[in-house]
Number of protein chains: 2
Amino acid sequence: MIITDKHIHILQKAEELFAQNGYEGTTVRDIATAADVNLAMISYYFGSKEKLIEILFKERMEGTKLRIEAVVNNQSILPFQKLEIIVDQYIERVFNSQNFFKVMLAQQMLQKNEVIIRFMTQYKLSYATLIEEVIQEGRRLGHFSKDDIDTLLLLTSMTGTVMHTVVSKDYYREFNKHNKLEEQDLDTVLKQKLSRHVKNIFKVTLGYEQ
Amino acid sequence: MIITDKHIHILQKAEELFAQNGYEGTTVRDIATAADVNLAMISYYFGSKEKLIEILFKERMEGTKLRIEAVVNNQSILPFQKLEIIVDQYIERVFNSQNFFKVMLAQQMLQKNEVIIRFMTQYKLSYATLIEEVIQEGRRLGHFSKDDIDTLLLLTSMTGTVMHTVVSKDYYREFNKHNKLEEQDLDTVLKQKLSRHVKNIFKVTLGYEQ
DNA sequence: TTGATTTTATCAAACATTTGTTTAAATTTG
DNA sequence: CAAATTTAAACAAATGTTTGATAAAATCAA
């Protein structure tokens, strides 16, 4: 299937609506209106609403694995530094694509679409495998003192902490003094705090001493 | 409004379906069928589908705050021990009410219903306030060395880690060797791991030395 | 306890909208 | 001119809610 600019435009609007109202809470008419195309164009371009979200996942998840593979395979970076880069990359990616990650979280909860489940499983497991490699490397070099490390729990702690922060931004604004902050400025603050916090979680979980 | 056994039964089935298929993905007919009552009974008992989920939240969130208040106000427990109890209580509560917490997470993402938003905000903020008190107490006693503690980030890290673990249990099963484990046994393993992990996060974030 | 009366609960059917998708004609593009 | 795109209209199915009739339960005077 060939993805044109029109596809991309519709997908982007659909993504916004899915993040805002959920998949079931978004109608094909909503998408058509938001994308400023005729209702029938959704079927014409994507076949169905279900195919549309599947194509959205295919589009968004392409090339995700490559970036962290480059880090893991780089010999000149020390294991813990690799993990720090992975953490920062993840935070950056979530904050740059908040809508998609919300859609992803919703899909992870509902587990209705087989195609999407496969995408996400593949994504998560390859991610975990790469991190596992780095942890093994760190252990071989004697950088990490803990020897009963649950990689997936550590990964889940990272994704859970970051995702939950994005999802509950409003509480954050209300509880702290950040009422006056602009959306982007709040994001900058949160990214910095998350980076420090998650790296700390890695540090203590792995038993890393600089 | 008086809640009868019939109400409770219907709410329980609705909760299951909302967790499984989302609020929009669950029809009133689905609920009626699952609860084995006539379709019209849902309107008769709750007024509407929206009122039903609001009443579900009201029911489930009652008395949540009380339990941790009892811990916080207990003078014979040391600050960090209080936090440990709070962590274990939270984990226990999520695992005992997985369906409701999934519904809650979905509602937190979508933020559509004003009544529910108020419930959740009140819940989260009172939770954060109580934890803040314990942290202040620990700082006064010189138990915690860190002085720039972001309570809400710490709380979000706990809820995010625990919730994400519940939501992505399937990945966990697949990645680790737990394929053979029964649902309940897996939960026991995860609860233990989470308890240790989250307490560690608290420890390192607060700068607690025993 | 009776039996009449009112209130509450249950039901199948119907209601008006909204849903995703298709059609067939019209328009634009190469 | 032929293929690809766009359109308004229509389609059947599904949606939340209401209706009006019936059954069951509760209330109460005798």
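All figures in this text were calculated on a predicted structure; none of them were measured in a lab. In what follows, chains carry the letters A, B, and so on, assigned in the order in which the sequence lines appear, proteins first and then strands, with residues in each chain numbered from 1. Below, all heavy atoms of this structure are taken into account, side chains as well, without hydrogens, waters or symmetry copies.
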To the side chain of [X], which of [options] is closest?
{"X": "B:M41", "options": "D:dT5, D:dT17, C:dC11", "answer": "C:dC11"}
{"X": "A:N38", "options": "D:dA8, C:dT19, C:dC11", "answer": "D:dA8"}
{"X": "A:A40", "options": "D:dT15, D:dA4, D:dT7", "answer": "D:dT7"}

Donor on one side chain, acceptor on other, B:H197 and A:S157, under 3.5 Å: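 Yes, because at least one side-chain N or O of B:H197 sits under 3.5 Å from a partner of the opposite role on A:S157.
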Short side-chain donor-acceptor distance under 3.5 Å, A:K199 and A:S195: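 Yes, because at least one side-chain N or O of A:S195 sits under 3.5 Å from a partner of the opposite role on A:K199.
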In whole Å, what is the span from the [atom1] atom of [X] to the [atom2] atom of [N]?
{"X": "B:L39", "N": "D:dG16", "atom1": "CG", "atom2": "P", "result": "9 Å"}
{"X": "B:K6", "N": "D:dA24", "atom1": "NZ", "atom2": "P", "result": "13 Å"}
{"X": "B:E24", "N": "D:dA14", "atom1": "CD", "atom2": "C1'", "result": "14 Å"}
{"X": "A:K49", "N": "C:dT21", "atom1": "NZ", "atom2": "P", "result": "8 Å"}
{"X": "A:I31", "N": "C:dT21", "atom1": "CD1", "atom2": "C1'", "result": "13 Å"}
{"X": "B:H7", "N": "C:dT8", "atom1": "NE2", "atom2": "C1'", "result": "12 Å"}
{"X": "B:H9", "N": "C:dT10", "atom1": "NE2", "atom2": "P", "result": "12 Å"}
{"X": "A:D5", "N": "D:dT5", "atom1": "CG", "atom2": "C1'", "result": "15 Å"}

Under 4.0 Å, heavy atoms only, any strand: does [X] hit a base, just the sugar-phosphate, or nothing?
{"X": "B:K51", "answer": "nothing"}
{"X": "A:I42", "answer": "nothing"}
{"X": "A:T4", "answer": "nothing"}
{"X": "B:S43", "answer": "base"}
{"X": "A:Y45", "answer": "sugar-phosphate"}

Within 6.0 angstrom of B:N96 CG, more than 12 heavy atoms from elsewhere: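 More than 12 heavy atoms, drawn from other residues, nucleotides or ligands, come within 6.0 Å of this atom.
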5′-ward residue of the pair B:Y44/A:D30 relative to DNA chain C: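 Its nearest nucleotide being more 5', the pick is B:Y44.
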Carboxylate-amine/guanidinium proximity below 4.0 Å for A:R173 and A:E183: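 Salt bridge present between A:R173 and A:E183.
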Ring geometry between A:F80 and A:Y208 (parallel below 30°, tilted from 30 to 60°, perpendicular above 60°):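 Rings of A:Y208 and A:F80: parallel, under 30°.
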Toward the 5' end of DNA chain D, by each residue's nearest nucleotide, A:R29 or A:D36: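 It is A:D36, whose closest nucleotide lies nearer the 5' terminus.
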